[in-house]
There are 2 protein chains.
Amino acid sequence: MVRAGLTAERVTAVAAELADEVGFDRVTMSQVARRLGVKDASLYAHVRNLNDLRGRIALLAADEKTIRIAEATAGRSGKDALVAYANAWRAYAHEHPGRYAATQTPIEIAPELAADAPGPRRAVGLTYGVLRGYGLAEPDLTDAVRLLRSTFHGFVALEAAGGFAHARTPQETWIRALDALHSLLENWPSAREGAPS
Amino acid sequence: MVRAGLTAERVTAVAAELADEVGFDRVTMSQVARRLGVKDASLYAHVRNLNDLRGRIALLAADEKTIRIAEATAGRSGKDALVAYANAWRAYAHEHPGRYAATQTPIEIAPELAADAPGPRRAVGLTYGVLRGYGLAEPDLTDAVRLLRSTFHGFVALEAAGGFAHARTPQETWIRALDALHSLLENWPSAREGAPS
DNA sequence: GCTTTAAACTAGGGGCATTAGGTTGTCAAT
DNA sequence: ATTGACAACCTAATGCCCCTAGTTTAAAGC
């Protein structure tokens, strides 16, 4: 019996790979164990159960995605930063569909795990940073952040689900959508401007 | 043995209810059978397998959602139509989270099923109809449709996943997001207007 | 009533999640 | 080098779930 030298981290890493290959909801303890050359039951020494493993994948993905966005937006501002932010987001979703899906499913994550996960907190700051150049004040700032996140997530989710017909490539729409969002942020309707058409 | 009088439609309806209660990915053949007072194996006379059942839920949901949107937007135009469309979308997602999730998972749907499902096709027409008042021409029209769908879906998905902190209610952000989208559609950056900040 | 059809059943194989309890590497201290 | 202790890993077993094959039986048409 050659020890495999497992840790929670290695189990999570293999599970994340598996998620990207077969889909997040198809990640099973059995498959992960098989990949590690180990029996199912052995995993329970490192991970509480399947739900716990899913939560770990989600946290890993959140961290990775945040880092990618941080690297992409570093030193940029204005539309440059917005585009870099958005492209990094979408690229991560494309490259790691399973991990990305993990960030989206509402899982109860063990508090002690979430504690030392810098991802989520840092992500908020990054988004606010991108919007700094547009001169928005609260509560518009929060609304704008949420709108951006909604749009980015919605776009990649619809893209992944095959929601866009083939007539026009998603890439073309993506470019124009970023133009539109930039324009929107520059002319944010702060107070009562929404005159009914 | 009292015949239960099952049909594919009744099975699907019960499965859809179950999805709303426990989540789309927790719908199982066993649970559905139990609700119908029938053995698991009996379902296979009406539904090919679990995947087929999932596809049926997805088509049912797409139809229902489309109908709701059609009713909500009938006779409206401009911002009125936009808001009605968006609210109907979000309301459906709130009232039927399981069904809504079904519309989002990429399932291979049997072609013969998709054939007589008016939902998807009609939905496209509805969205274009809402945008009629904004005077957009292709390809901007397609891009705008995709942006709206992305934003609506992204918003309700993040909302469902608990993506919005409690500081500001999602409802407030939603109102402002619709204002913003309306303003964006009225001032759509048609050609080269995106001067880098 | 009798036939036909299909609705529902029983039986069983195989996969997965999880728990309990047993072995056996490995590392530190003697 | 030997000994313990601690994990790491295993075997065994339970229960739920998906799905297939073959069988019984209610209901509809003659």
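Order of the sequence lines fixes the chain letters, A, B, ..., with proteins taken first and strands second; residue numbering starts at 1 for each chain. Here the structure is a predicted model, which means the values were calculated and not measured. Atom set for the values below is all heavy atoms of this structure, side chains included, hydrogens, waters and symmetry mates excluded.
Contact check, B/H46 against C/dA6: no side-chain N or O comes under 4.0 Å of OP1 or OP2. Considering only side-chain N and O atoms, A/S42 lies nowhere under 4.0 angstrom from the phosphate OP1 or OP2 of D/dA8.
In this structure, A/L43 atom CG and C/dA20 atom P are separated by 17 Å, rounded to whole Å. Rounded to a whole Å, the CG atom of B/D52 is 14 Å from the P atom of D/dC18. Rounded to whole Å, the distance from CG on B/L18 to P on D/dC17 is 11 Å. Distance CG (B/L6) to C1' (C/dA8): 9 Å, rounded to an integer number of Å. Distance CZ (B/R10) to P (C/dA7): 13 Å, rounded to an integer number of Å.
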request  = Determine, for nucleotides 11-18 of chain C in 5'-to-3' order, which nucleotides have protein heavy atoms under 4.0 Å from the base (write B), from only the sugar-phosphate (write S), or from neither (write -).
outcome  = -----SSB
For residues 149-156 of chain A, run the donor-acceptor check on the side chains, cut-off 3.5 Å, and write out each pair with its distance to 0.1 Å, sequence neighbours left out.
residue, atom, partner, partner atom, Å
A/S150, OG, A/R146, O, 2.8
A/T151, OG1, A/L147, O, 2.8
A/T151, OG1, B/T151, OG1, 3.1
A/H153, ND1, A/Y100, OH, 2.8

Residues 24-32 of chain A side chain polar contacts: donor-acceptor under 3.5 Å, at least two apart:
residue, atom, partner, partner atom, Å
A/T28, OG1, A/S30, N, 3.2
A/T28, OG1, A/Q31, N, 2.9
A/S30, OG, A/D40, OD2, 3.0

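Using a distance-only test at 3.5 Å, with no hydrogens or angles considered, no donor-acceptor pair links the side chain of A/S183 to the main chain of A/D179.
Transitive grouping of hydrophobic side chains (ILVMFWY, heavy atoms separated by less than 4.5 Å) keeps A/L60 and A/W89 in distinct clusters.
Ion pairing between a basic and an acidic side chain is recognised when a charged N comes within 4.0 Å of a carboxylate O; A/D52 and A/R48 show no such pairing.
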Full working for salt bridge (Lys or Arg N to Asp or Glu O under 4.0 Å) between B/D143 and A/R168 = CA-CA 9 Å; B/D143 291 336; A/R168 183 164 166 81; 2.7 Å; yes
